[in-house]
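Below is one structure; the comments refer to it alone.
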Number of protein chains: 2
Amino acid sequence: MKASKNIKTQNYTDRCPLLYVMELIGSKWKLPILWCLNDEDGLHYNELKRRVHGVTNTMLTKCLRELEERGLVSRHSRGSVPPSVTYHLREDGRSLMPALEGLCRWGMDYLKKHEEGGGTCEDKG
Amino acid sequence: MKASKNIKTQNYTDRCPLLYVMELIGSKWKLPILWCLNDEDGLHYNELKRRVHGVTNTMLTKCLRELEERGLVSRHSRGSVPPSVTYHLREDGRSLMPALEGLCRWGMDYLKKHEEGGGTCEDKG
DNA sequence: CAGAATCCAACTGGATACTG
DNA sequence: CAGTATCCAGTTGGATTCTG
């Protein structure tokens, strides 16, 4: 109760850190990318692409650029031919993962309650 | 570390509770609406509209319907003329608020670090 | 290998007007 | 009062092709 009160008094007007974060990680591939890098730090572009299943070049590059700009991941190029570029999670990116735990827990809890006899996570066809 | 490891092993494949939640509350007005209802439970449509500043009828109605479907808010109509409809936060909606605290904290922390001399929250013009 | 460039479809959300 | 209906613009993301 106190916690939630704290949240809403801080936020629900405008310029709110929570909405900022939502915008930061709200696009389709950001979280999957971060998870992969958190899972195994220092991945090459194509390794990443293989793990973030379904992502396209366009989107992967775009997301990585944005995450880099925001300081969540870092890009290291060897500048050789053929090119070799690895992506790493920076501290801000890493610290984001545990920050998501509350939400994740809520989600698991919610799904458990609402799909008592169903599958695991069927949101939309 | 353990927490974050826990998260990624559970998730980054497909059907993931966290992505589910993100979809649930990811649209533009959902969180502001929930905050308002958390702030003062039992608001009329137009009260809500006044508090969620900037929202349009179309969007407010759409969001409320979706939140209602998902069981986060409840709708009570007196069925009179003129109509009187109040919206309440249900338990699932209320429990979501503290679950957001981790993210919110991370956001405040992040903003503090990244705008040492700047304003409070300038994301985009 | 690690992208960039281009084009396009779908979705999101806003503006406006109308209604029982 | 509490919406609904319609239309429209901007954004998101996918498909495809090309390159040093």
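In what follows, every chain begins at residue 1, and chains take the letters A, B, ... in the order their sequences are listed.
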Legend entry - With sequence neighbours excluded, residues passing side chain to side chain donor-acceptor pair (under 3.5 Å) with A:S74: A:H76
Inset, instruction - Taking the side chain as every heavy atom from C-beta outward, state whether A:K49 and A:V55 have any atom pair closer than 4.5 Å. - result: yes
Inset, instruction - Measure the distance from CG on A:L19 to C1' on C:dG13 and round it to the nearest whole Å. - result: 16 Å
Legend entry - Contacts of A:E40 that satisfy side chain to side chain donor-acceptor pair (under 3.5 Å) - sequence neighbours left out: A:R51
Legend entry - Non-neighbouring partners of A:K30 that pass salt bridge (charged side-chain N to carboxylate O under 4.0 Å, His left out), sequence neighbours left out: A:E66
Legend entry - From CA spacing to verdict: side chain to side chain donor-acceptor pair (under 3.5 Å), A:Y45, A:T86: CA-CA 6 Å; A:Y45 181 87; A:T86 52; over 6 Å; no
Legend entry - Set of residues satisfying side-chain contact (heavy atoms from CB on, under 4.5 Å) with respect to A:V21, sequence neighbours excluded: A:I25, B:L103, B:W106
Legend entry - side-chain contact (heavy atoms from CB on, under 4.5 Å) involving B:D109 - partner list, sequence neighbours excluded: none
Inset, instruction - Using a cut-off of strictly less than 4.0 Å between a heavy atom of the residue and any atom of DNA chain C, enumerate the qualifying residues of residues 58-66 of chain A by number. - result: A:T58, A:T61, A:R65
Inset, instruction - Go through D:dG3, C:dG3, D:dG14 for me and flag the one nearest to the A:T56 side chain. - result: D:dG14
Legend entry - Partners meeting side-chain contact (heavy atoms from CB on, under 4.5 Å) with B:K28 (sequence neighbours left out): none
Legend entry - Residue list, side-chain contact (heavy atoms from CB on, under 4.5 Å) with A:V85, at least two apart or on another chain: A:R75, A:S77, A:Y87
Legend entry - Of A:V55 and A:P82, the one whose closest DNA chain D nucleotide lies more 5': A:V55
Legend entry - Distance in angstrom units between B:H76 NE2 and D:dC1 C1', rounded: 18 Å
Inset, instruction - Could you tell me which residues satisfy ring-ring contact (aromatic ring centres under 6.0 Å, His included) with A:H44, sequence neighbours excluded, listed by chain and number? - result: none
Inset, instruction - Mind listing the residues from residues 42-50 of chain A sitting with a heavy atom below 4.0 Å of DNA chain C? Number order is fine. - result: A:H44, A:Y45, A:N46
Inset, instruction - Report the distance from atom NZ of B:K28 to atom C1' of D:dA9, rounded to the nearest whole Å. - result: 13 Å
Legend entry - From C:dG3, D:dG20, C:dG13, nucleotide with atom closest to B:W29 side chain: C:dG13
Inset, instruction - Specify the angle, to 10°, made by the local axes at the two ends of the helix from C:dC1-D:dG20 to C:dG20-D:dC1 when five pairs are taken at each end. - result: 50°
Legend entry - Whole angstrom value for the distance that separates P of D:dC1 from CG of B:N57: 11 Å
Legend entry - Candidate nucleotides D:dG14, C:dG3, D:dA2, ranked by approach to the side chain of B:V85 - the nearest: D:dA2
Inset, instruction - Sequence neighbours left out, what pairs pass salt bridge (charged side-chain N to carboxylate O under 4.0 Å, His left out) with at least one residue falling in residues 77-93 of chain A? - result: A:D92-B:K113
Legend entry - N/O (side chain, B:Y87) to phosphate O (OP1/OP2, D:dC1) under 4.0 Å: no
Legend entry - Whole-Å distance separating the CD1 atom of A:I33 from the P atom of C:dG3: 12 Å
